[in-house]
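Letters A, B, ... are given to chains in the order of the sequence lines, protein chains preceding strands, and every chain is numbered from 1.
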2 protein chains.
Amino acid sequence: MSATITPIRRAKAPSLDPMMALVAADMHQVNGVILARMQSDVPLIPELAGHLIAGGGKRMRPMLTLACARLLDYQGTRHHKLAASVEFIHTATLLHDDVVDGSGLRRGRRTANIIWGNPASVLVGDFLFSRAFELMVEDGSLRVLRILSGASAVIAEGEVNQLSAQRRIETGEARYLDIIGAKTAALFAAACRIAAVVAERDEAVEQALDAYGRNLGIAFQLVDDAIDYASDGATMGKDAGDDFRDGKVTLPVILAYARGNEEDRRFWRDAIEGRRTSDEDLALANRLLRETGAIDDTLARARHYGQLAIDSLSGIGGGTARAALIEAVEFAIARAY
Amino acid sequence: MSATITPIRRAKAPSLDPMMALVAADMHQVNGVILARMQSDVPLIPELAGHLIAGGGKRMRPMLTLACARLLDYQGTRHHKLAASVEFIHTATLLHDDVVDGSGLRRGRRTANIIWGNPASVLVGDFLFSRAFELMVEDGSLRVLRILSGASAVIAEGEVNQLSAQRRIETGEARYLDIIGAKTAALFAAACRIAAVVAERDEAVEQALDAYGRNLGIAFQLVDDAIDYASDGATMGKDAGDDFRDGKVTLPVILAYARGNEEDRRFWRDAIEGRRTSDEDLALANRLLRETGAIDDTLARARHYGQLAIDSLSGIGGGTARAALIEAVEFAIARAY
């Protein structure tokens with residue numbers, strides 16, 4: 001089903017292993033920075049932050065900073081602090097997201113807001129966000145500061161935009177892409193772009209890495225949206241149908257609603273507005289998503305963005321780093337199959 | 001009662017008017033930056049941010065940046081963006097504070113979290129915080145960025161520290177001073193200090209202005225703590241006794257508890273832990289505060305910090321700016337009388 005995304009034939013499923021191997025030594029340094037800089041004389045801070053930071057995330061964003069630096073053959077160590085900064089921004093966002101969504105489970109573990117309460121999650125998020133900026137200031141590049149402060153503002157804007165669209169079935173595909181472009185893809189883009197800054201490459205390389213990260217981020221999010229309707233809890237660290245029960249308008253729902261007849265549309269409206277949340281309703285949702293091709297076409301969109309990500313690397317770097325970055329895109333897509 | 005704080009005899013009560021007059025033209029520019037930079041394509045952002053920003057605050061912190069720049073005879077315009085940045089950090093903090101405290105009223109108006117909900121307040125706070133950093137990055141001084149990112153981390157740390165001390169009657173005076181030094185005074189200090197950076201003055205001037213702001217901030221907070229037990233709603237924009245009913249451990253309570261007999265201590269423990277919140281309990285609290293001299297001595301502590309603030313200006317600048325900064329300290333103290 002995904003020939004268009006696979007430029008290289010593989011005997012086995014694409015994975016993140018090559019990228020993880022590529023950056024393993026660097027990531028060890030980054031983990032050291034993260035551990036050192038989440039400390040505080042106020043014990044609740046490392047306790048709460050550590051719960052999420054040690055909680056089994058892939059560290060996708062800092063990994064991208066490191067892999068892109070490797071792609072550009074950067075030989076220094078500045079990217080260690082900056083990758084930690086990116087992870088702190090991401091962690092702060094997750095802490096606040098879980099408060100905003102009232103989430104109880106992330107990556108299969110209880111969320112910090114459930115264990116320590118919303119106030120602590122809000123404030124420790126603020127602390128990590130400030131720490132992220134302190135790390136950037138220590139690095140001292142105004143260009144990096146501009147990229148990451150801009151991304152942070154865009155992320156927050158995207159989150160508010162999503163909040164405004166909450167439980168509104170009329171959210172169209174364009175607005176949805178705006179939202180995930182801001183709340184998810186902006187930090188992927190910035191994480192990649194700053195590697196070009198530390199490697200002192202020109203604007204064209206910055207833009208190419210930005211495009212790689214941005215399109216990969218959108219592909220990732222779209223596949224997540226599709227998986228939420230198709231997976232079991234083990235895959236996502238959350239239960240299948242969580243988005244449905246939370247009334248989240250994601251691309252599969254947007255497509256199924258657009259393509260549905262009047263009765264289907266009434267169902268989707270009721271579901272998104274929180275009046276149809278039973279297991280039977282979820283089964284009906286899954287049937288409608290299948291019948292309208294909404295899941296398949298969400299994944300087709302994801303493959304489109306994945307291909308854009310891969311193409312944006314044309315002519316930049318090479319060798320194992322380039323292969324690892326391409327396979328990361330293929331992995332992002334292949335998770336759905 | 002306050003001869004020690006008043007180096008100049010005045011016919012009328014000290015006020016902020018001289019400082020407001022001193023910076024009126026600059027503040028007009030700052031207000032323009034604030035208005036322009038809280039805009040967004042997502043309408044909820046300016047709507048919610050505007051509610052608080054237009055809500056009648058004194059803009060004390062940006063005013064301090066402007067007044068300190070005037071003290072140093074700074075002739076440029078960089079401080080306009082930076083003062084706006086300081087106000088954005090403060091506004092973000094207030095939005096998150098109100099979520100953390102579950103507040104319903106600020107400066108006599110309904111809080112944003114009551115009108116738009118906690119999720120929106122959290123996310124718009126994040127947006128303003130990011131915007132603050134964007135403004136600093138545009139200014140381009142790494143020294144300013146270091147000062148304000150450091151202050152932001154300290155503020156968040158202080159807030160978490162306060163959260164951990166919540167409803168704990170054993171919180172001592174030293175820890176309480178740590179908390180307000182972080183959550184209140186750090187931004188006052190940074191707001192003043194950055195004026196020395198833009199005016200390109202040496203480290204000694206930076207430190208002097210930092211000390212002015214820090215001590216003024218502590219004095220302000222201690223007077224607020226005292227007023228909360230003595231005022232009517234019109235003075236504070238909140239009701240007298242709010243801190244008591246919220247179980248907040250402030251310096252008046254710390255002193256009264258330390259000086260109380262066993263029965264008094266049992267009362268304070270019950271009150272702070274939320275079991276004594278009636279009007280009669282508040283009346284008893286006020287009597288104990290009076291009898292133990294806790295209010296008077298809280299104000300004596302405030303005068304001490306006020307005097308430190310005034311002394312830190314020795315030998316720096318002069319004229320109307322210096323007089324206005326000194327009168328601002330006297331005003332901070334005099335609010336209690």
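- Contacts of Asp126(A) with chain B are made by both backbone and side-chain atoms, with heavy-atom separations under 4.5 Å.
- Residues Val42(B) and Ser164(A) come closest through the heavy atom pair CG1-OG, 4.2 Å.
- Atom CG in Leu123(A) sits 11.5 Å away from atom CD1 in Ile155(B) (nearest 0.5 Å).
- Phe133(A) and Ser149(B) get closest at one heavy-atom pair: CB-CB, 4.0 Å.
- Heavy-atom minimum distance, Gly150(A) versus Glu134(B): CA-OE2, 3.2 Å.
- Atom CZ of Arg168(B) has 12 or fewer neighbouring heavy atoms from other residues, nucleotides or ligands inside a 6.0 Å radius.
- In this structure, the side chains of Phe129(B) and Ser130(A) come closer than 4.5 Å at one or more pairs of heavy atoms.
- Between chain A and the options Val160(B), Val122(B), Leu163(B), Asn161(B), heavy-atom pairs under 4.5 Å are most frequent for Val160(B).
- Heavy-atom distances place the backbone of Asp41(A), and not its side chain, under 4.5 Å from chain B.
- Most heavy-atom pairs under 4.5 Å with chain B, from the set Glu157(A), Arg146(A), Arg131(A): that is Glu157(A).
- Residue Glu203(B) qualifies as enclosed at atom CD: its count of foreign heavy atoms under 6.0 Å is above 12.
- Heavy-atom distances place both the backbone and the side chain of Leu142(A) under 4.5 Å from chain B.
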